[in-house]
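A quick write-up on the structure given underneath.
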Amino acid sequence: MTRVQEQNPDKQPLQKAENPWVEGIKTIVLSAFLAFGIRSFVAEARYIPSGSMEPTLQINDRLIIDKLSYKFKAPERGDIVVFSPTDALKKQNFKDAFIKRVIGLPGDKVQVKGARVYVNDQALREKYIEDAPNYDYGPVTVPANQYLVLGDNRNNSYDSHYWGFVPHDNIIGRAVVRFWPINRVGEVDSQPVDPGNLTPGNLTK
């Protein structure tokens, strides 16, 4: 680091310049502290190890996870979230974080039938999924402060229809930006899903 010499009109002894090695160490410690703070509270990088979110997210995609916004607002339907293993998953010895799409909000009734997902008896518009689900599930009601999450690769995703709901406190953050590979750099479009007045042609990809 370059020091700027100050004028000393009173001709008092100037403070001795600090050893450059000490300054370097201070800079490294400060940088590490800031990086840790940003990773712990603001954002962090994650990669995709499986195909459970295809076609939206591909294996080895690198993402930036926003860890701050959910401190001010609740997750929304359609958000792609990263979360730590639930109690049910811990019992199965899962330790790594999961990434899935929020489908059911607290209080929602969710059901999968006839190759479609229904929330509060309304079919969802889902143009981002790999294939329509080939299983039936529910109906279930999402408990307070919990979320039902599904993978976009519906038939190849270990998600809420197997092991249950995700407590709000388990959610680490929301996937916002893909920074690798280069040809796929850009915002991760959550494409929110709405249980509205949908026509059959709008239900699935």
Side-chain angles (χ1 to χ4, degrees), residues 46 48-59 61 63 65-66 69-70 73-89 92 94 97-168 170-178 184 186-205:
R46 294 271 179 169
I48 304 302
S50 75
S52 69
M53 283 297 293
E54 292 176 344
T56 307
L57 302 176
Q58 303 291 325
I59 295 175
D61 277 0
L63 309 175
I65 306 304
D66 167 20
S69 61
Y70 288 155
K73 67 173 186 175
E76 298 177 358
R77 195 183 335 277
D79 286 357
I80 296 174
V81 297
V82 173
F83 56 94
S84 57
T86 65
D87 289 343
L89 290 168
Q92 301 173 53
F94 284 99
F98 281 60
I99 184 166
K100 305 293 178 188
R101 188 183 296 272
V102 174
I103 298 298
L105 303 177
D108 281 345
K109 183 178 80 171
V110 181
Q111 184 172 17
V112 182
K113 63 179 181 179
R116 296 171 181 170
V117 177
Y118 292 81
V119 175
N120 301 324
D121 299 317
Q122 296 287 330
L124 296 184
R125 179 187 294 110
E126 298 190 288
K127 296 184 178 181
Y128 45 75
I129 60 176
E130 181 74 10
D131 293 299
N134 61 10
Y135 57 84
D136 291 338
Y137 170 74
V140 297
T141 298
V142 184
N145 297 316
Q146 299 193 48
Y147 298 85
L148 186 143
V149 297
L150 298 176
D152 288 357
N153 191 352
R154 289 289 153 81
N155 302 314
N156 293 283
S157 176
Y158 194 52
D159 51 35
S160 282
H161 87 278
Y162 282 105
W163 43 257
F165 309 104
V166 179
H168 184 278
N170 285 58
I171 296 178
I172 296 170
R174 178 173 64 95
V176 290
V177 174
R178 180 189 295 105
R184 286 165 51 78
E187 183 179 1
V188 176
D189 186 0
S190 62
Q191 300 183 38
V193 288
D194 270 329
N197 296 320
L198 306 178
T199 62
N202 290 330
L203 294 176
T204 58
K205 179 178 157 182

* To do: For the pair Ile80 and Tyr128, evaluate side chain to side chain contact (heavy atoms under 4.5 Å, CB included) and give the outcome as yes or no after the intermediate values.
  => CA-CA 12 Å; Ile80 296 174; Tyr128 45 75; over 6 Å; no

* **Aromatic ring pairing His161/Tyr135, orientation class (parallel under 30°, perpendicular over 60°, tilted between)** => parallel

* For the pair Asn153 (side chain) and Gly51 (backbone), establish whether a donor and an acceptor sit closer than 3.5 Å, ignoring hydrogens and angles. => yes

* To do: Would you give the length of the straight line joining atom CZ of Arg178 to atom CZ of Arg184, rounded to the nearest 0.5 angstrom?
  => 4.0 Å

* **Heavy-atom closest pair, residues Pro75 and Ile171** => CG-CD1, 3.8 Å

* Asked: Which atoms form the tightest heavy-atom contact between Ala175 and Ile65, and what is the distance?
  -> CA-CD1, 3.7 Å

* Structure fact -> Heavy-atom closest pair (Ile129 atom, Ala132 atom, distance to 0.1 Å) is CD1-CA, 3.9 Å

* Asked: Okay, side chain of Arg101, backbone of Gly78: is any donor-acceptor separation there less than 3.5 Å?
  -> yes

* Which heavy-atom pair separates Phe98 from Tyr158 by the least distance, and what is that distance? -> CE2-O, 3.9 Å

* To do: Would you give the length of the straight line joining atom CD of Glu76 to atom OH of Tyr70, rounded to the nearest 0.5 angstrom?
  => 7.5 Å

* Structure fact -> Closest non-hydrogen atoms of Asp159 and Gly151, given as atom of the first, atom of the second and distance, are OD2-N, 3.0 Å

* Drop me the distance from Asn155's CG to Asp131's CG, to the nearest 0.5 angstrom. => 6.0 Å

* Asked: Would you say the side chain of Val112 lies within less than 4.5 Å of the side chain of Arg154, judging by non-hydrogen atoms?
  -> no

* Asked: Do Ile103 and Glu126 pass the side chain to side chain contact (heavy atoms under 4.5 Å, CB included) test, and can you show the C-alpha distance, the side-chain angles, and the key distance before you say yes or no?
  -> CA-CA 10 Å; Ile103 298 298; Glu126 298 190 288; 3.7 Å; yes

* Spacing of Leu150 atom CG and Met53 atom CE [to the nearest 0.5 Å] -> 9.5 Å

* Would you find a donor on one side and an acceptor on the other, under 3.5 Å apart, between the side chain of Ser84 and the backbone of Asn170? -> yes

* **Inter-residue atom distance Tyr137.OH - Leu148.CG, 0.5 Å rounding** => 5.0 Å

* Structure fact -> Interatomic distance, OG@Ser52 vs CG@Asn156, rounded to 0.5 Å, equals 9.0 Å

* Side-chain contact test, heavy atoms from C-beta onward, threshold under 4.5 Å: evaluate it for Ile59 versus Glu54 and give yes or no. => yes

* Check the pair Val166 / Lys100 against side chain to side chain contact (heavy atoms under 4.5 Å, CB included), numbers first and verdict last. => CA-CA 10 Å; Val166 179; Lys100 305 293 178 188; over 6 Å; no

* To do: Could you verify whether a donor N or O on one side chain and an acceptor N or O on the other, from Gln92 and Tyr162, lie under 3.5 Å apart?
  => no

* Yes or no on side chain to side chain contact (heavy atoms under 4.5 Å, CB included) for Val188 and Asp61, after CA distance, side-chain angles and deciding distance? -> CA-CA 11 Å; Val188 176; Asp61 277 0; over 6 Å; no

* Do any N or O atoms from the side chain of Asp79 and from the backbone of Val102 form a donor-acceptor pair under 3.5 angstrom? -> no

* Structure fact -> Nearest heavy-atom approach of Tyr118 to Ala123 is CD2-N, 3.5 Å

* Taking only residues two or more places apart in sequence or in another chain, which ones pass salt bridge (charged side-chain N to carboxylate O under 4.0 Å, His left out) with Asp121? -> Lys109

* Between Asp108 and Val119, is there a donor-acceptor pair closer than 3.5 Å when you use the side chain of the first and the backbone of the second? -> no

* Structure fact -> salt bridge (charged side-chain N to carboxylate O under 4.0 Å, His left out) filter on Lys113, not counting sequence neighbours, yields none

* Structure fact -> Contacts satisfying side-chain hydrogen bond (donor to acceptor under 3.5 Å, both in side chains) that involve residues 138-151 (not counting sequence neighbours) are none

